[in-house]
Number of protein chains: 2
Amino acid sequence: MRTDEQTAQAKAPLSRERIVLAAVELADREGIEAVTMRKLADVLAAGAMSLYYYVPNKDDLLDGMIDAVKGEIEPPASDGDWRTELRKRATSTRHALQRHGWAVGLMESRTQRPGPANLKLHDAVLGCLREAGFSIEDAIHAYSVQDAYIYGFALQEQSVPAADEIADVVDRQVEHIESNPEIEALAEAYPYLAEVVAGYVGPSGYDFGKEFEYGLDLILDALEQRRTAG
Amino acid sequence: MRTDEQTAQAKAPLSRERIVLAAVELADREGIEAVTMRKLADVLAAGAMSLYYYVPNKDDLLDGMIDAVKGEIEPPASDGDWRTELRKRATSTRHALQRHGWAVGLMESRTQRPGPANLKLHDAVLGCLREAGFSIEDAIHAYSVQDAYIYGFALQEQSVPAADEIADVVDRQVEHIESNPEIEALAEAYPYLAEVVAGYVGPSGYDFGKEFEYGLDLILDALEQRRTAG
DNA sequence: ACCTGAACACCGTTCAAGT
DNA sequence: ACCTGAACACCGTTCAAGT
């Protein structure tokens, strides 16, 4: 065994897959804005421009990163109970999007050329819905509401400061609610908002997980009602 | 009247507001990636670095742009029927996000420091819900589902190719569905997806507006049920 | 086939300087 | 107070060249 065996990973031959994987890890670690072609090449111990042999351009790399995230989502089975299967798939999606917080923002900017993982997932979800008795039209409707909700929730979870940060900020405000003129100004300008901030979110904190499930179940319940009615 | 009256708009004194407005227009016209400090200064007929006197940095400018978009959303009234008020607010949000397609993607990347327009809107929505009899807790739930859905839908509408593009692509595929080996491969690998693509979306096209309303009403109906039940 | 460095046309931002 | 250009440390990408 040669001593440079330890750097084998870094010295392994480049490939599109290895590049995409490294980009995902880099984005997870340092944020999406840290993913530059040069830094990525550094991480891979490659010359700055070597990546262009495997990846036509940065946009294509970003597409690959998105498909890698989609690949982490557990596809639903077509033979189980559709509700529990799609519930699992929804939380699986949320978790993948939590692990890779940069992914949601990436999806908007590019009009997607869906990768293989994405297509496979689409097929599984549609299959689950169709086998549960949804018409093609209703399956599309059901899919659309669910995905809008799931990705929109992820967007909020991403763009709103972390739950504990909210709690911290609010707690500090609530402590001197009497003396602090700022929160009185807030209460005057935005009474309902102040009510929510002071009365609810603050002391108890805010649980994104519970919130997610509330909306998810509301939607799944409503879909089940329409399925059995129609 | 002097002849340079026509360039008055361009020569008007700079201000944060004018800069933000120009940035929004530039993003609408040429996409968010065209919004660079230098190009923006050009548009305003100002020296390249003059903007920094009014705006601390680009991130702050982007925050301002987001708040400008939020300002275009019609806030719901607190005294009308909550369902119709919030329905109007939802479509108003969708339309604002359609006019400024770059906005959704911007929201993820920054953990928001909500601007005044955003706060005002939050307050109006919460007020509408509270006056309709929702408890604080339920108002938060109701708000969360709706916003997740609305912004998630906007995200999909943005990232999926335009409706007519889909129709075009699919139409072309459907025309030689017998002869084209690609779609047969698609049908083999992704049977349910192929079914949807060929059978539904293609000939009739896909109406994002109708789809949006389906999910919106599903959610509002479910919320109304819980309101009257609880 | 696989990898590379130099070079080009861009970025955001700082800073010292102009009016 | 308001605006500015030069300069710095970055980008993505092309291209001609190395093994």
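We name chains A, B, ... by the order of the sequence lines, and we start the count at 1 in each one. This structure is a prediction, so every number in the text was calculated from the model and none was measured.
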May I ask you to check whether over 12 heavy atoms, not counting those of [X], lie within 6.0 Å of atom [atom1]?
X	atom1	value
B:Glu17	CD	no
B:Lys120	NZ	no
A:Glu74	CD	no

What is the separation between atom [atom1] on [X] and atom [atom2] on [N], rounded to the nearest whole Å?
X	N	atom1	atom2	answer
B:Leu26	C:dC11	CG	P	11 Å
A:Arg16	C:dA1	CZ	P	20 Å
A:Lys39	D:dA9	NZ	P	15 Å
A:Tyr53	D:dT13	OH	C1'	18 Å
A:Lys58	D:dT14	NZ	C1'	17 Å
B:Leu61	C:dT13	CG	C1'	14 Å
B:Ile19	D:dC2	CD1	P	12 Å
B:Asp42	D:dT4	CG	P	11 Å

Using heavy-atom distances to pick each residue's nearest nucleotide on DNA chain D, tell me which of A:Met37 and B:Ser15 is more 5'. B:Ser15
Applying the Watson-Crick and G-U wobble criteria at under 3.5 Å, what pairs with C:dA6? Answer none if nothing qualifies.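 With both distances under 3.5 Å, C:dA6 matches D:dT14.
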Searching all strands shown, indicate the nucleotide that pairs with D:dA1 (Watson-Crick or G-U wobble; both distances under 3.5 Å).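 Here D:dA1 is engaged in a pair, and the nucleotide opposite it is C:dT19.
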Nucleotide nearest B:Tyr52 when distance is taken to its side chain, options C:dT4, C:dT13, C:dC11: C:dT13
In terms of side-chain heavy atoms, does B:His122 have a donor or acceptor partner in A:Tyr192 at a distance below 3.5 Å? no
Side-chain H-bond candidate by donor/acceptor type, B:Gln156 with A:Tyr151, under 3.5 Å: no
For A:Met49, answer base if it contacts any base atom (sugar-phosphate contacts may also be present), sugar-phosphate if it contacts only those atoms, and nothing otherwise; contact means non-hydrogen atoms under 4.0 Å. base
Indicate, with a heavy-atom threshold strictly under 4.0 Å, whether B:Ser50 touches base, sugar-phosphate, or nothing. base
A:Leu51 or A:Arg38, whichever maps to the more 5' nucleotide of DNA chain C: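 Going by which nucleotide is closer to the 5' end, it is A:Leu51.
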